[in-house]
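Mind looking over this structure? Questions follow.
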Amino acid sequence: MSGQWGEGPARGDDAPGALTADGVNGGAPGAPGAPGAEVPPPRAGGRAEARRAAQGKAAQGKAAPGKAVPGKAVPGQGRAGAAQGAPPATGGRAAARAAARKPKRNVKKIAAWSAAGALVLVAGCGGLIYYKLNGSIKSFDADAIAKDRPPEAQADADGNKPVNVLLIGSDSRGKNNSDLGGGEDGGARSDTTILLHVYADHKHAVGISIPRNAMVAIPSCKLPNGTWSKGSNSDLFNAAFSTGGSDDGNPACTQNTVEKLTGIRVDHTMVVDFQGFAAMTKAVDGVDVCLPEDIHEKDLNEKLPGKGAVVLKKGPQKVEGQQALDYVRLRHGIGDGSDIGRMKRQQAFISSLASKVKKQGLNPTTLLPLASAATGALTVDPGLDSADKLLNFGLSLRNIDLHDLKFVTLPWRYRTVDANIDIVQADAKKLWETLKADRTIDGQNATGEQPAEAPSPTAPPSAAPTTPVAAAHAAAAGSPLASDTANKNIRVSVYTGTTATGMAGKAAEQLKAAKFTATAVGRADNLKYTTTMVQYGSGQKANAEKVAAVFPGAIVEPGTSPGVTVIVGKEFAAANGGATTPGATTGGPAGPSAPATPEPLPSSLVSDARSADDNICDNTTYGSGG
C-alpha cells in the first residue's frame, strides 16, 4: 500500500480532504499552490497509479503516441517527465468520478480482503500472545521439590487419572506489587492457598481452601542460597511460602508442606501475585461479586483515623483491578473479621471468574489472553513451564460443569491459646481419603472408570424392571421424567438413613440421571429407616412427588427443612447392593487394587460447600463483630 489517505473504499480520491499522490485536495500536478509537483509520484505498478491510468482512459480515450497521460510516464521521459511535462488531462474530476463509479464489484473484494485480514490479525495476536507467554513463564527449581513424596496417582485402563493443582495467591510487595498491596514489609506470603483436585473423570473438581494461619508441620525446604532449612513441627501455614525471605516466595516449600499435610501428591503448582491477579480481572472485563455490607476505606486500612469513603458498595457489582484485589483481601468490616470469612469470598470470587470464563468459552482464544495478562507475575512448577503445557491443562478442564466445581474449607477450629487455627485432624483425614479414593464430597465415584457392560442387545426389550433400583434407572433413562428440563431447577439434599455406606451418593447419581440437581449430604440422624422418605418444605410438594418417582415405593411427607430432602432406607440399600451393617460386604469381592470406600464426610463440611453456580451473594461471610 502507498500509505496515502484516498486509497481505501471509505474515502475516494475526490473526497474532501483526500490526500493523493498528485497533490492536496485533488489538485493537478503543478497547479498553483499545490505541492504535488514537488512530491515524487508513486512507484510504477502501484495501485494508485493503475487507478489514475484507468481514470485517464475513461476521460479522454487512448492517449496519442508521445503524449503524456496523467499519472503515467511517457517512454523515455522516466519519472521526471511524469511529474513535470504533461498538461492536465481533459475531463477533470467529474470524469474521474464517472470512471470510479463503474467497477463497484471491487468494493466487495476489498471488504472481503479486510475481513480476511482481520481474521489473520486476530490469529496473529494469538500467536504473539502465545510466544510472549512462552518466553515469560517463570518456573521454580525442580530440585527444591522434596524427594520423599506421596505416590503418583496411576491411570486406569481407560487412561483416566486425577490431577492435583496447588493454587497460590502471593502478597509479595516486590516489584510493582507494593502499589496494589499497600504494605511496606519485604518478602512474600501466601495470601490464598487452594488445593484443587480434578477428579479422574475430568467432569468434577473440588477446591480445598487452607487457612493461612493454620498451625502445621513445615518440612525442610531449599533456600535461595542453595542450603536447606531445618523445618518445624508447628508453624503458621503461610510461613512455608515465606521460607528464605525472597520477594518471589518459596512455592516449592508450600508444595512440600501440602504434600506432608495431606499425603496427596501435588502434580502442579501455580503462583499469581497482586499485579498478575489485577491484570487477569481486567482481561475478562471484570468479575461479578456481592457484599452484604458497604465497605469503607478504614476497613481496608485500619491505620486511617476515620471511616472514610465507601470503596465497595453493598450488593451485587462488577470489580476489576484494584477493586477486585480489595474484595478478595478484605477481612474487616464484615463478619467476624477472620480469614475464614475471607476464604468464603475468595471461593465466591473464583467461582464467579470460572463461570465467566466458561461462558466465554474454554478455548485458546479465551485462555491465552487470560494467561498473558499474568505474564511476569506467574510462577509455575517445571511441569507447566510452557504455553503448550498451560494451554493443554486449561483445556482439560472444559468438561467440568459449574455445579460440579465445588469449594470447601479444610476442617478447622479456633485455638484457645492464641488467635490462630488448628486443623481438625480426624475430619481432615476423611477429606484426604475421600480425594485419594476419587470420591466427590457428596459420595459419587468420579474415577472415570467405564460402567459395567450393558445387557446383551438380544435381551427382550419389553422386560419390566424387577427391583426398585432397576425401576429407577428405567425412569431416568426412558421416561418423560428424564426429559423434563425443569428438573434441573429442583435441588435435592440426599441423606443415608441406613448403616450401609455410599447409599446417599448412589441415590444422588440416580437423581442426576433424571436431571435433578442433587447433593449427597451424608448420614441422617436416624440410621433405622426401612423405606425411602421424600420430605418437602413449604410449596415443594409437587417437586417432591417428581423426585419420589425415581424411588418406587418411597413415602412422600412434609418435612421441617426447606426444599426437597431424600432419606434412603434399607430397601434402597438392599436393591443397590449395600450392606446393612458396617462390616458387611457390598456384593462380590473387591479387586486387590480397589480403594476402600472412605468414611462419610461431616455433614457440616458438605452442607457448607460452595458450587461454582451458586448465587454470588450467598455464603460470603462468617461470624459477626469484625
Side-chain angles (χ1 to χ4, degrees), residues 132-147 149 165-196 210 212-213 216 218-232 235-261 266-281 283 321-322 324-325 328-329 346 370-387 389-390 393:
K132 176 186 175 187
L133 180 61
N134 220 25
S136 305
I137 297 174
K138 295 182 296 183
S139 63
F140 56 83
D141 186 2
D143 290 338
I145 300 174
K147 301 299 184 288
R149 306 181 63 189
V165 185
L166 190 61
L167 306 174
I168 303 173
S170 165
D171 69 353
S172 168
R173 267 64 172 183
K175 302 176 183 177
N176 297 323
N177 289 305
S178 58
D179 295 334
L180 295 168
E184 298 176 356
D185 298 336
R189 285 152 295 276
S190 51
D191 208 51
T192 306
T193 304
I194 294 176
L195 178 62
L196 180 69
I210 303 176
R212 64 176 186 167
N213 62 333
V216 300
I218 297 179
S220 175
C221 293
K222 190 174 182 179
L223 303 175
N225 64 6
T227 63
W228 288 74
S229 67
K230 293 181 179 180
S232 170
D235 205 342
L236 294 174
F237 173 75
N238 70 350
F241 194 76
S242 304
T243 298
S246 166
D247 280 345
D248 292 328
N250 196 332
C253 189
T254 300
Q255 177 175 319
N256 295 341
T257 301
V258 169
E259 289 189 340
K260 185 178 180 67
L261 172 68
V266 174
D267 299 293
H268 297 299
T269 294
M270 301 176 66
V271 184
V272 179
D273 65 19
F274 286 171
Q275 195 175 2
F277 176 85
M280 288 171 72
T281 61
Q322 180 67 61
L325 272 172
V328 298
R329 302 194 69 237
Q346 291 169 348
L370 189 62
S372 177
T375 297
L378 182 68
T379 302
V380 298
D381 70 282
L384 287 179
D385 61 357
S386 71
K389 294 174 183 177
L390 272 176
F393 173 70

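All values below come from the heavy atoms of this structure, side chains included, with hydrogens, waters and symmetry mates left out. Numbers here simply count residues along the sequence, with the first being 1.
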On a heavy-atom basis, the closest approach of V328 and Q346 is O-NE2, 3.1 Å

Side chain proximity check, N213 to N238, heavy atoms < 4.5 angstrom: no

Taking E259 for the side chain and V266 for the main chain, is one N or O donor matched with an acceptor at less than 3.5 Å? yes

Note: A146 and N256 closest approach over all heavy atoms is N-OD1, 3.0 Å

Applying side-chain hydrogen bond (donor to acceptor under 3.5 Å, both in side chains), can you list everything that pairs with T269, at least two apart in sequence or on another chain? Q255

Does any N or O in the side chain of T281 come within less than 3.5 Å of the main-chain N or O of G321, such that one atom is a donor and the other an acceptor? yes

Run the side-chain contact (heavy atoms from CB on, under 4.5 Å) test on V271 and F140 for me, step by step, so that the C-alpha distance in whole Å, both residues' side-chain angles and the decisive distance to 0.1 Å come before the verdict. CA-CA 10 Å; V271 184; F140 56 83; 5.8 Å; no

Restricting to side-chain hydrogen bond (donor to acceptor under 3.5 Å, both in side chains), what partner residues turn up for K260, sequence neighbours left out? none

Can you name the side chain to side chain contact (heavy atoms under 4.5 Å, CB included) partners of K389, sequence neighbours left out? L384, D385, S386

Might you point out which heavy atoms bring L325 and F277 nearest each other, and give the distance in Å? CD2-CD2, 3.5 Å

Do T193 and L166 have side-chain heavy atoms sitting under 4.5 Å apart? yes

Minimum heavy-atom separation for T257 and V216, please, with both atom names.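 Looking at all heavy atoms of both residues, the shortest contact is CG2-CG2, 4.0 Å.
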
Applying side-chain hydrogen bond (donor to acceptor under 3.5 Å, both in side chains), can you list everything that pairs with N225, at least two apart in sequence or on another chain?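 N225: side-chain hydrogen bond (donor to acceptor under 3.5 Å, both in side chains) contacts with T227.
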
Which pair of non-hydrogen atoms, one from A144 and one from W228, has the smallest distance, and what is that distance?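 Looking at all heavy atoms of both residues, the shortest contact is O-CH2, 3.9 Å.
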
Flag the pair V258 / I210 as yes when at least one side-chain heavy-atom distance between them is below 4.5 Å, and no otherwise. yes

What residues, two or more places apart in sequence or in another chain, satisfy side-chain hydrogen bond (donor to acceptor under 3.5 Å, both in side chains) together with D381?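 Here the qualifying residues are H268.
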
Kindly write out the residues that satisfy side chain to side chain contact (heavy atoms under 4.5 Å, CB included) with D235, not counting sequence neighbours, or none if the list is empty. I218, S232, A239

Main-chain N/O of K222 paired to N250 side chain as donor or acceptor, under 3.5 Å: yes

Closest non-hydrogen atoms of F241 and S170, given as atom of the first, atom of the second and distance, are CE2-OG, 3.6 Å

